Amino acid sequence: MPRRHLGPLLAVLVLLGGCSSPSGAAAVAERSNPASADPPAASAPAPSAAASATAPSVPTGSPQPVKTFADKPPQAQYREFPANCTETQRRSDDPIVFPGLPGASHNHTFVGNPAVDASSTPDSLRGGQSSCQEKRDASSYWFPTLLQGGAPVPPQQVTVYYKSGVKDYRTVQPFPAGFRLIVGDLKTPSARQFGGTWSCGGYLGNDIPASCPDGSSLIVRLQAPSCWDGVHLDSPDHRSHMAWPVDGACPKDHPVPLPMFELKVPYKLPGGVTTGLQYSSGPSYTFHYDFMNGWDAARQAQLVEHCINGGRQCNSQGVDQHKP
């Protein structure tokens, strides 16, 4: 190929790099029956360059003024509420990375809004149904499908914790309408670089253990950065509009504190056998998750104010029995 043609090709390849479908048997395509427990193992076709090149532009939004306080926040061990959700479907779609391109992604397990597909947007989710205990959370959360010997392993109840990632929990704001985010990276090179944890029984580490005690759950957890740039509701890599706090506060280029996600996904494995486990995206350390905001804005704001800003450990209905 002549050198002058490499530039456009590289641009397309970069655009396709986010959550692209891996080659080989690890990819799972589920077009004919998205909720099927036994999808075929064939890889999904790569999207065309023309389709990818027409991806929508990055949306923008406006934050509320960041609250400031002269005093230190009262001591609070917990500042959180959970979204407890069950699986709704599995499908090879990713409406953040491959919007409008059904079957273009590796297979994902979805929780929350049951109507999500490749064409979903935050606007289309809002006001919809939910598999979460808080029914006004019509958001969609999704992550690669765990496979064992090529067969999908369903998760137990998935919990998305909404916490404070900054020291002054009183300053945290709700996620703005239209917000999207990917947490983690399927291109993580090894378990050593994985930012989350795996646990079962007394084990805690950065990779799936050799086995788990019979009857225990294998659990993966992964936290998210919680400081927003205050402008972009998404970004080209679906990550850089968010940053980690520095010394317990948001940095100047990402000054707006939003809730810090911590996703907890438990799997019940017969006999505690972990042999043959891998994700549809690859090894255990390729685990990541996506969030598309479909919250009822008033309800999310109420929970953030009462539970996070109020220094409470709320249940999914926003109640802390020890601190009403």
Side-chain angles (χ1 to χ4, degrees), residues 19 22 24-30 33-41 82-94 105-114 116 130-133 139-161 182-186 188 190-191 194-224 261-291 316:
C19 264
V28 183
E30 294 184 302
N33 184 5
S36 170
D38 297 301
N84 295 319
C85 314
T86 56
E87 178 185 345
T88 59
Q89 59 179 329
R90 293 188 296 272
R91 58 193 308 149
S92 298
D93 290 351
D94 191 324
S105 173
H106 56 255
N107 194 254
H108 287 107
T109 297
F110 290 80
V111 303
N113 194 310
V116 69
S130 180
S131 72
C132 302
Q133 291 175 354
S139 303
S140 184
Y141 312 87
W142 63 93
F143 44 89
T145 296
L146 185 65
L147 307 170
Q148 188 165 39
V153 179
Q156 298 170 276
Q157 178 176 268
V158 174
T159 301
V160 187
Y161 293 100
I182 295 178
V183 181
D185 192 345
L186 67 82
T188 300
S190 70
F194 180 55
T197 62
W198 288 90
S199 64
C200 70
Y203 171 84
L204 179 66
N206 54 14
D207 203 354
I208 296 174
S211 64
C212 289
D214 188 13
S216 67
S217 293
L218 176 66
I219 300 171
V220 59
R221 292 177 181 259
L222 182 61
Q223 292 184 342
F261 282 139
E262 181 176 345
L263 184 71
K264 172 188 173 184
V265 185
Y267 301 93
K268 184 71 74 172
L269 303 174
V273 176
T274 62
T275 304
L277 288 176
Q278 70 169 28
Y279 276 109
S280 56
S281 55
S284 65
Y285 46 83
T286 66
F287 178 79
H288 57 281
Y289 58 95
D290 298 40
F291 167 66
S316 60

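If you're wondering where the values come from, they're calculated on a predicted model, not measured in any experiment. Heavy-atom basis, side chains included; hydrogens, waters and symmetry copies ignored.
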Requested in this report: Taking the side chain as every heavy atom from C-beta outward, state whether L222 and F143 have any atom pair closer than 4.5 Å.
Outcome: no
For residues 194-215, tabulate all N or O donor-acceptor pairs below 3.5 Å that involve a side-chain atom, not counting sequence neighbours.
unit_1: Y203; atom_1: OH; unit_2: D207; atom_2: O; d: 2.7
unit_1: N206; atom_1: ND2; unit_2: A191; atom_2: O; d: 3.2
unit_1: D207; atom_1: OD1; unit_2: S284; atom_2: OG; d: 2.4

Report task. Give the C-alpha distance, both sets of side-chain angles, the deciding distance and a yes or no for side chain to side chain contact (heavy atoms under 4.5 Å, CB included) between F291 and L263. Result -> CA-CA 11 Å; F291 167 66; L263 184 71; over 6 Å; no
Report summary line: Interatomic distance, NE2@H108 vs OG@S281, rounded to 0.5 Å, equals 7.0 Å
Query raised in the report: Which heavy atom in L269 sits nearest to a heavy atom in Q148, and how many Å separate them?
Result: CD2-OE1, 4.3 Å
**Report entry** Residue pairs fulfilling side chain to side chain donor-acceptor pair (under 3.5 Å) with at least one residue in residues 262-271, sequence neighbours excluded
**Finding:** K163-E262, R221-E262, Q223-E262, Y267-Y279
Query raised in the report: Side chains of P266 and I219: closer than 4.5 Å at any heavy-atom pair?
Result: yes
Query - For T275, all residues meeting side-chain contact (heavy atoms from CB on, under 4.5 Å), sequence neighbours excluded - result: V273
Query - Results of ring-ring contact (aromatic ring centres under 6.0 Å, His included) for Y285 - residues two or more places apart only - result: none
Report task. Give the intermediate values and the outcome of side chain to side chain contact (heavy atoms under 4.5 Å, CB included) for residues T188 and H288. Result -> CA-CA 10 Å; T188 300; H288 57 281; over 6 Å; no
Query raised in the report: Which residues satisfy the ring-ring contact (aromatic ring centres under 6.0 Å, His included) test with Y161, sequence neighbours excluded?
Result: none
Query raised in the report: Hey, are the side chains of V265 and F287 touching, using non-hydrogen atoms and a 4.5 Å cut-off?
Result: yes
Requested in this report: Measure the shortest side-chain to side-chain distance between N113 and T88 over non-hydrogen atoms and say whether it is less than 4.5 angstrom.
Outcome: no
Query raised in the report: So, the side chain of S131 versus the backbone of V111: is there a donor-acceptor pair under 3.5 Å, distance only?
Result: no
Report summary line: Sorted by chain and number, sequence neighbours left out, side chain to side chain donor-acceptor pair (under 3.5 Å) with S217 holds for Q156
Query raised in the report: Is any side-chain heavy atom of W142 closer than 4.5 Å to a side-chain heavy atom of D93?
Result: no
Query raised in the report: In Å, rounded to the nearest 0.5 Å, how long is the span from CG of D94 to CG of D290?
Result: 4.5 Å
Query raised in the report: Taking only residues two or more places apart in sequence, or in another chain, which ones meet Q157 in a side-chain contact (heavy atoms from CB on, under 4.5 Å)?
Result: N84, Q133, T159
**Report entry** Non-hydrogen side-chain atoms of S92 and N107 separated by less than 4.5 Å
**Finding:** yes
Report task. Go through the structure and list residues passing ring-ring contact (aromatic ring centres under 6.0 Å, His included) with Y289, not counting sequence neighbours. Result -> none
Report task. Go through the structure and list residues passing side chain to side chain donor-acceptor pair (under 3.5 Å) with T109, not counting sequence neighbours. Result -> T145
